[in-house]
Amino acid sequence: MSSNTLSGAGVSPANTKDQLLHIGTGSATVATIRTGTGIATAMELVSGGFKINGTFESTGNATVGGTLSVTGAATLTGTLTLGGVEVKPSQWKVVTSDVSCSSNTVGVAISDLDFTPVNGATYEVEMSLIAKAVTTGTGVQLVNTSGTGTLVLVSNDSAAYISATGGTFAATTSAAGGTPFGMVIKGIFTATSTAVLTWELLSEANGNQVDILAGSMMRITRIS
């Protein structure tokens, strides 16, 4: 087929050059396709490129042989494969300001780490936290305060281990008081509801201030 002129509601015969679709071995330059009686361009097919000015929805497989450039938001409900490898979606949660606590019974929420899971989904959890204790030897406690499902986490401190939601990490450090140190926590969370996964900070010793510093982060990667 060398060329077709689109017709129907909203197509003006006087403006058919805007509805011309050329397919074949001739020129690779293709005119724009417009909708309605106005001049809004819904789709542009040009030499070496494909441009959509509205929403693109594919109910089947979409294959791009060249470069795909997205300048706006993109929503993918299926599987994303790059170079033959499936890409797992991740979310990053970053602590934007220092969180401090001086109590060993009343925790302080680390709300920047709040995460809402998909019911039935399984996630890999990776935390890289920057902690600090004012008093040398005071442990920094991280408590899981909500979330429903199976939560199994372990940290770089072998004594810190959570085997269920509601567990507590009691990280110890030989760092001098006031010296930041790292807490690396990894594990798996399988959600059985959409209840938000939340955390609080506690001090090991009542009256001794401990901190989780800005720049600490948690990455949640859905694996199934």
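All of these numbers come straight from a predicted model, not from anything done at the bench.
- When only modelled atom types and interatomic distance are considered, S100 and D211 share a side-chain donor-acceptor pair under 3.5 Å.
- When all heavy atoms of P117 and A195 are compared, the closest pair comes out as CD-O, 3.2 Å.
- Under the 3.5 Å distance criterion, the side-chain polar atoms of S146 are matched with a main-chain donor or acceptor of V196.
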| Are I223 and I188 close enough, and set up right, to give a side chain to side chain contact (heavy atoms under 4.5 Å, CB included), and what steps lead you there? | CA-CA 10 Å; I223 57 178; I188 299 293; 4.1 Å; yes
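- Listed here is the closest heavy atom pair of A191 and V118: CB-O, 3.7 Å.
- Rounding to the nearest 0.5 Å places CG of L197 at 8.5 Å from CG of D114.
- The side chain to side chain contact (heavy atoms under 4.5 Å, CB included) search around S216 returns V95, L129, I130, I212, not counting sequence neighbours.
- Annotation: salt bridge (charged side-chain N to carboxylate O under 4.0 Å, His left out) contacts of R219 (sequence neighbours excluded): E126.
- Annotation: salt bridge (charged side-chain N to carboxylate O under 4.0 Å, His left out) contacts involving residues 88-109, sequence neighbours excluded, comprise E86-K88.
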| request: Kindly indicate, with the supporting measurements, whether the criterion ring-ring contact (aromatic ring centres under 6.0 Å, His included) is fulfilled by F115 and Y123. | output: CA-CA 11 Å; F115 170 71; Y123 300 89; 5.0 Å; yes
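- With values rounded to the nearest 0.5 angstrom, R222 atom CZ is found 8.5 Å from T122 atom OG1.
- Counting only distance, with no hydrogens or angles, the side chain of E204 and the backbone of G139 share a donor-acceptor pair below 3.5 Å.
- No donor-acceptor pair closer than 3.5 Å links the side chain of S90 to the backbone N or O of T221.
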